[in-house]
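For this chain, numbers begin at 1 and follow the sequence in order.
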Amino acid sequence: MDPVHNPFAPGAGSQPPQLAGRQAIIDEAGVAIQRALLYKSTRPQLFLGLRGVGKTVLLNKIQEMAEQAGHLVSFVEAPENRSLGELLMPKIDQLLHKLSVTASAKAKVYSALRALRSFGSAFKLTYGDVSLSVEAEPGVADSGNLENDLSELFVQVGEAAKAAGRGWTLLIDEVQYLKPVDLAALIVALHKINQKRLPVLFFGAGLPQVAALSGDAKSYAERLFLYPVVGPLEVADAKMAIRHPVNEEGATISEQALDEIIDKTHCYPYFLQEWGHQCWNIAQAGKIDLADAKNAALRATKRLDEGFFKVRFERLTPKEREYVIAMAKLGAGPYRSSDIADALGETSQSLGPRRAQIINKGMIYSPSHGDIAFTVAMFDEYLMRNFVKKDDGSSSA
Ligand SMILES: Nc1ncnc2c1ncn2[C@@H]1O[C@H](COP(=O)(O)OP(=O)(O)OP(=O)(O)O)[C@@H](O)[C@H]1O
Ligand SMILES: [Mg+2]
């Protein structure tokens with residue numbers, strides 16, 4: 001069918017035509033947004049899930065909802081090699097300038113800007129495009145202890161937002177890449193805000209290991225955060241994610257075609273978009289049938305192998321690749337670390353650093369002690385398809 005009208009949206013953070021199966025999470029976020037504006041306590045939330053399940057899309061949706069409700073929103077993606085402070089400085093600066101237009105907030109905004117300047121000086125943060133034209137406020141957010149100083153800064157920002165009658169929603173994506181000191185400081189600051197009933201709301205998203213990372217950073221994190229699990233969709237929702245956009249464009253899809261898509265994608269959102277996209281382009285005359293869905297599998301798999309899977313695999317060193325291929329050869333995960341060590345003829349201890357590096361790169365995680373799993377669904381199948389010789393000698397990179 002006409003690719004110009006293809007409704008599907010495979011891609012990182014791309015808004016899907018139908019945000020299926022996430023209503024409970026969205027409703028709960030909606031309640032938190034409203035509660036924050038009434039200065040009622042709200043728990044910060046961390047969305048946890050594998051690659052491509054729709055975490056970023058949820059943060060985008062929450063941004064839209066929060067803005068509509070009167071919050072100002074700062075959205076940052078944790079980088080692998082910059083500090084949280086560096087990342088937040090320009091965002092908080094922008095936020096405070098937006099708040100400063102409200103007369104009732106001027107004094108609080110001014111204090112918060114001075115605290116921001118102190119914070120920047122204390123941590124020698126380069127201001128970049130920050131336009132700080134105020135003096136630092138000695139004694140505020142400048143002790144050099146990140147946990148204290150970030151908390152003081154957040155409180156000042158929260159008070160400025162309150163004085164302006166607005167909320168502040170902070171969204172942080174890829175939380176697993178925050179350095180442990182930054183994560184600890186973030187948790188302490190959110191805890192502080194929570195106690196003070198300031199109109200500040202936090203939603204983060206990251207890979208499943210974020211639960212353990214936040215617990216390691218601060219033991220009370222487990223009680224502070226809500227951890228909604230963002231997983232594959234329920235079958236009915238996955239079907240809806242495909243059928244609804246097709247129908248909206250005036251086309252139809254057969255039940256057998258839908259079953260085939262469910263079978264191949266295991267209801268993972270990214271894969272559903274990829275399959276939907278290919279089915280649409282292959283089908284003729286307004287109807288997607290089983291044959292189209294089967295053909296789509298070939299194209300979708302090829303696209304994933306050349307994009308989604310490949311970009312992740314290429315971030316690994318040759319030794320790290322050897323490790324993940326050994327995992328894949330053991331079948332579908334999770335895997336015992338000791339089994340991988342056996343397969344490689346090494347000990348778990350000697351492989352520890354390699355394993356830790358692959359975890360840091362966000363490729364694998366430990367679902368429970370001694371176990372390891374891929375953060376990308378069906379990655380084992382990708383590796384087997386592309387890097388492991390079959391008995392007949394085919395299919396090896
Ligand atoms: N609820 C949903 N229904 C249908 N499609 C969805 C849904 N959520 C996400 N998608 C689609 O899945 C793909 C991946 O979404 P997104 O980038 O938000 O995932 P992610 O969890 O942030 O992945 P990563 O960990 O790689 O950043 C996008 O193409 C998006 O359109
Ligand atoms: Mg994402």
Side-chain angles (χ1 to χ4, degrees), residues 22 24-49 55-56 58-59 62-63 65-66 71-78 83-85 87-88 91-92 95 119 141 143 145-159 161-162 167-231 365-368:
R22 304 293 188 219
I25 291 180
I26 291 169
D27 289 347
E28 181 143 359
V31 170
I33 288 167
Q34 297 300 333
R35 283 179 63 87
L37 291 171
L38 299 174
Y39 314 122
K40 293 194 182 298
S41 84
T42 56
R43 286 174 74 182
Q45 301 197 26
L46 279 170
F47 298 135
L48 303 184
K55 303 178 296 296
T56 302
L58 277 172
L59 291 183
I62 289 169
Q63 169 163 23
M65 290 161 58
H71 287 237
L72 291 170
V73 178
S74 307
F75 192 145
V76 294
E77 184 180 317
S83 72
L84 179 64
L87 208 65
L88 287 179
K91 296 288 177 182
I92 292 181
L95 172 85
F119 181 80
S143 71
N145 175 321
L146 186 61
E147 294 184 7
N148 289 342
D149 294 348
L150 192 69
S151 298
E152 280 186 15
L153 180 61
F154 273 28
V155 168
Q156 296 264 346
V157 174
E159 285 177 349
K162 187 173 179 180
W168 176 38
T169 294
L170 174 61
L171 305 173
I172 302 189
D173 204 357
E174 306 281 359
V175 170
Q176 72 280 353
Y177 291 139
L178 287 180
K179 294 192 190 74
V181 281
D182 284 344
L183 182 58
L186 177 68
I187 294 168
V188 173
L190 293 172
H191 191 206
K192 191 81 190 166
I193 285 291
N194 202 251
Q195 289 161 8
K196 296 220 166 229
R197 305 270 167 97
L198 290 166
V200 178
L201 204 53
F202 173 83
F203 293 90
L207 296 173
Q209 63 259 40
V210 167
L213 290 175
S214 53
D216 291 346
K218 287 284 155 198
S219 56
Y220 61 81
E222 203 177 296
R223 280 161 286 137
L224 177 68
F225 288 107
L226 294 172
Y227 296 98
V229 173
V230 187
Y365 74 107
S366 175
S368 55

Would you please test Leu226 and Phe203 for side-chain contact (heavy atoms from CB on, under 4.5 Å) and show each step?
-> CA-CA 9 Å; Leu226 294 172; Phe203 293 90; over 6 Å; no

Evaluate the criterion side-chain contact (heavy atoms from CB on, under 4.5 Å) for residue pair Val188 and Leu150; output intermediate values, then yes/no.
-> CA-CA 8 Å; Val188 173; Leu150 192 69; over 6 Å; no

Full working for side-chain contact (heavy atoms from CB on, under 4.5 Å) between Ile92 and Trp168 = CA-CA 10 Å; Ile92 292 181; Trp168 176 38; 4.2 Å; yes

Would you check, one step at a time, whether the test side-chain contact (heavy atoms from CB on, under 4.5 Å) holds for Ile62 with Leu201?
-> CA-CA 11 Å; Ile62 289 169; Leu201 204 53; over 6 Å; no

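Across every non-hydrogen atom of Val200 and Gly158, the tightest pair is CG2-CA, 3.7 Å. For the residue pair Ala217 and Pro180, the shortest heavy atom distance occurs at CB-O, 4.4 Å. Between Leu46 and Ser214, the closest heavy-atom pair is CD1-OG, 4.3 Å. Considering every non-hydrogen atom in both Ala78 and Glu174, the closest pair reads CB-O, 3.3 Å. Shown here for Val210 and Gln176, the closest heavy-atom pair between the two residues is CG2-N, 3.6 Å. For Lys162 against Tyr39, the heavy-atom pair with the smallest separation is CG-CE2, 3.5 Å.
Between Ile187 and Leu190, the closest side-chain pair of non-hydrogen atoms is not below 4.5 Å. Between His191 and Lys218 the shortest side-chain heavy-atom distance does not fall below 4.5 Å. Side-chain contact between Ser366 and Gln209 is absent, with no heavy atoms from C-beta onward closer than 4.5 Å. Leu146 is listed as a side-chain neighbour of Phe119, based on a closest heavy-atom distance under 4.5 Å. Side chains of Arg22 and Val230 form a contact here, defined as non-hydrogen atoms less than 4.5 Å apart. Between Leu87 and Asp182, the closest side-chain pair of non-hydrogen atoms is not below 4.5 Å. The shortest side-chain heavy-atom distance between Leu186 and Val175 does not fall under the 4.5 Å cut-off. Proximity of Leu198 to Phe154: side-chain heavy atoms (C-beta onward) are nowhere separated by under 4.5 Å.
Between the side chain of Lys55 and the main chain of Gly49, a donor-acceptor pair closer than 3.5 Å is present.
In this structure, the separation between CG on Leu38 and CD1 on Ile33 is 12.5 Å, given to the nearest 0.5 Å. Between atom NZ of residue Lys40 and atom CD of residue Gln34 there is a gap of 12.5 Å, rounded to the nearest 0.5 Å. With rounding to the nearest 0.5 Å, the separation of CD in Gln195 from CD1 in Ile193 is 10.0 Å. Between the CG atom in Leu72 and the CG atom in Leu95 there is a gap of 5.5 Å [rounded to 0.5 Å]. With rounding to the nearest 0.5 Å, the separation of CG in Leu207 from CZ in Phe47 is 15.0 Å. Rounding to the nearest 0.5 Å gives a distance of 4.5 Å between CD1 of Ile172 and CZ of Phe202.
Asn194 and Ser41 are not linked by any side-chain donor-acceptor pair at a separation below 3.5 angstrom, with hydrogens and angles left out of the test.
Surrounding NZ of Lys196 are at most 12 heavy atoms belonging to other residues, nucleotides or ligands under 6.0 Å away.
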